[in-house]
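Structure first, then comments.
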Amino acid sequence: MFSRAALAAASLQLLAQASFASAAALENSTACVDVHFMIARGSTAAYPGFPWDVFSSVAENMTATTNYEDIIYPATNETATDSYFVGRTNAGAQINAYAQACPDSKIVVGSYSQGALIVGDALAGGGGQEYLGNATDPLVSVANGQKIIANIFFGNPRHVPYETYDVGENPWNATGKYPRLQYQIDNFDSRYSNITQDWCNYGDGVCSVAFPDSLSLHTAYDSLYLDDAAEWTLHKIGAHAHANATDA
Ligand SMILES: *[C@@H]1O[C@H](CO)[C@@H](O)[C@H](O)[C@H]1NC(C)=O
Ligand SMILES: *[C@@H]1O[C@H](CO)[C@@H](O)[C@H](O)[C@H]1NC(C)=O
Ligand SMILES: *[C@@H]1O[C@H](CO)[C@@H](O)[C@H](O)[C@H]1NC(C)=O
Ligand SMILES: *[C@@H]1O[C@H](CO)[C@@H](O)[C@H](O)[C@H]1NC(C)=O
Ligand SMILES: *[C@@H]1O[C@H](CO)[C@@H](O)[C@H](O)[C@H]1NC(C)=O
Ligand SMILES: *[C@@H]1O[C@H](CO)[C@@H](O)[C@H](O)[C@H]1NC(C)=O
Ligand SMILES: *[C@@H]1O[C@H](CO)[C@@H](O)[C@H](O)[C@H]1NC(C)=O
């Protein structure tokens with residue numbers, strides 16, 4: 001029924017698919033590897049959430065060892081449940097725990113929407129806004145934070161305009177739903193400004209209160225920026241790990 005050549009071609013294709021799949025598979029694990037990705041999904045999303053797509057693309061182009069970890073939290077309505085408080089605590093605890101357990105590893109963090117809120121607040125200090133409780137100090141220590149070599153926010157409720165790391169469509173005149181307080185900006189900027197991208201579309205009602213009903217702008221980051229975000233991440237990792245891309 002099949003020629004020998006067709007069978008050979010078919011099995012080569014299977015081999016190629018198998019090796020592609022194994023290069024692409026980003027294992028859910030906290031084992032120590034060269035580069036550990038940590039992902040915080042947005043409200044109501046299933047684990048791992050779309051930043052996984054970005055990091056999966058990055059990992060495909062790396063020779064260094066990689067895996068990923070979900071920030072564990074409910075991702076339910078932050079104004080009506082304890083999701084924000086649980087998430088902020090866990091983001092801080094998980095980043096600190098991995099940094100302590102794996103001193104030779106580098107960490108890359110990606111977060112979307114409420115995920116960006118909890119990660120940013122674990123890094124910079126949180127609260128200080130209606131629904132978010134009293135203002136708090138950063139949960140991730142300075143030393144542990146230095147293990148983070150790239151950090152990406154998408155549709156960040158804490159978005160602040162005119163930061164050097166703002167990217168997207170006109171992100172420099174957009175202000176998020178819960179803009180960071182000045183001490184939080186100072187903490188964030190002094191520790192993470194050089195390793196962050198904060199993707200915001202002007203008019204995304206979460207990172208930019210300008211047109212709060214533009215939900216489509218809040219859900220467009222994957223399709224609009226996956227490649228740019230992956231290339232930037234690879235570039236940041238490049239200095240610390242063996243990546244295929246040279247100077248993307
Ligand atoms: C990854 O592992 C954690 C911890 O075991 C688990 O809670 C989470 O659901 C897993 N994520 C996926 C996408 O399976
Ligand atoms: C990156 O390099 C590794 C090891 O050389 C290789 O297996 C992998 O296919 C490369 N990825 C791409 C996208 O070129
Ligand atoms: C979240 O809860 C608030 C009440 O605290 C409610 O006004 C809002 O509509 C809820 N959001 C969603 C998306 O359900
Ligand atoms: C917030 O701060 C106020 C004033 O210091 C204090 O009374 C209150 O207990 C704090 N609330 C929480 C949840 O820590
Ligand atoms: C912000 O950017 C939007 C989109 O380009 C524009 O319509 C608006 O006028 C700008 N607002 C300010 C204050 O610059
Ligand atoms: C950011 O990078 C610049 C240029 O490499 C460096 O001078 C500066 O100290 C860095 N800032 C932080 C906060 O690491
Ligand atoms: C990674 O490799 C894939 C497959 O070769 C390629 O399509 C993609 O553009 C690469 N991504 C980056 C960020 O280099």
Side-chain angles (χ1 to χ4, degrees), residues 21-22 24-33 35-60 65-102 105 107-119 121-122 124-139 154-158 176-178 181-184 203-209 211-222 226:
S22 102
L26 209 42
E27 194 192 343
N28 182 4
S29 165
T30 54
C32 297
V33 287
V35 178
H36 181 63
F37 297 97
M38 301 184 79
I39 298 172
R41 72 206 197 288
S43 301
T44 73
Y47 291 120
F50 93 79
W52 190 91
D53 299 348
V54 177
F55 294 155
S56 172
S57 168
V58 169
E60 270 173 40
T65 55
T66 55
N67 59 17
Y68 97 95
E69 174 179 0
D70 294 308
I71 303 299
I72 303 299
Y73 84 113
T76 48
N77 187 338
E78 83 280 3
T79 65
T81 72
D82 65 357
S83 178
Y84 162 75
F85 298 96
V86 172
R88 184 180 72 190
T89 299
N90 287 357
Q94 288 181 242
I95 293 169
N96 283 329
Y98 192 85
Q100 295 290 131
C102 303
S105 301
I107 298 171
V108 172
V109 189
S111 56
Y112 170 57
S113 197
Q114 189 180 170
L117 176 62
I118 62 166
V119 167
D121 285 13
Q129 302 277 353
E130 192 183 6
Y131 303 119
L132 305 184
N134 290 341
T136 58
D137 287 333
L139 297 175
F154 296 99
N156 176 11
R158 287 289 200 182
K177 200 172 163 184
Y178 311 112
L181 306 182
Q182 190 58 51
Y183 86 96
Q184 295 164 348
D204 164 354
V206 174
C207 64
S208 146
V209 291
F211 305 117
D213 57 350
S214 296
L215 186 62
S216 63
L217 286 169
H218 188 58
T219 54
Y221 294 99
D222 203 0
L226 188 153

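All values reported here derive from a predicted model rather than from experimental measurement. Just follow the structure's listing: the first ligand is 1, and inside any ligand the first atom is 1.
For atom 13 (C) of ligand 1, the closest heavy atom belonging to the protein is Tyr68 OH, 3.3 Å. Taking atom 2 (O) of ligand 3 as the reference point, the nearest protein heavy-atom neighbour is Asn77 ND2, 2.3 Å. Counting only heavy atoms of the protein, atom 9 (O) of ligand 1 lies nearest to Tyr47 CD1, 3.6 Å. What sits closest to atom 7 (O) of ligand 1 on the protein, heavy atoms only, is Ile72 CD1, 3.6 Å. Distance from atom 10 (C) of ligand 4 to its nearest protein heavy atom, with residue and atom name: Asn134 ND2, 2.3 Å. In terms of protein heavy-atom proximity, atom 14 (O) of ligand 1 is closest to Asn28 ND2, 3.6 Å.
At a 4.0 Å heavy-atom cut-off, ligand 3 touches Thr79 through backbone and side chain alike. For Trp52, no heavy-atom contact with ligand 1 is shorter than 4.0 Å.
No donor-acceptor contact under 3.5 angstrom links the side chains of Thr30 and Glu69, judged on distance only.
By the definition of a contact as any protein heavy atom under 4.0 Å away, atom 5 (O) of ligand 1 is not in contact.
Formation of a donor-acceptor pair under 3.5 Å by the Tyr47 side chain with backbone atoms of Ile39 is not found in this model. A donor-acceptor distance shorter than 3.5 angstrom exists from the side chain of Ser105 to the backbone of Val33, with no hydrogens or angles considered. One N or O on the side chain of Arg41 and one on the backbone of Tyr73 form a donor-acceptor pair closer than 3.5 Å.
Ring centroids of Phe50 and Tyr112 are separated by less than 6.0 Å, placing the two rings close together.
The option from Ile39, Asp70, Thr30, Ile71 that lies nearest to atom 8 (C) of ligand 1, judged by heavy atoms, is Asp70.
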List the steps and the verdict of ring-ring contact (aromatic ring centres under 6.0 Å, His included) for Tyr131 and Tyr84.
-> CA-CA 9 Å; Tyr131 303 119; Tyr84 162 75; over 10 Å; no
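Ion pairing between Asp121 and Arg158 holds under the 4.0 Å rule for side-chain N and carboxylate O.
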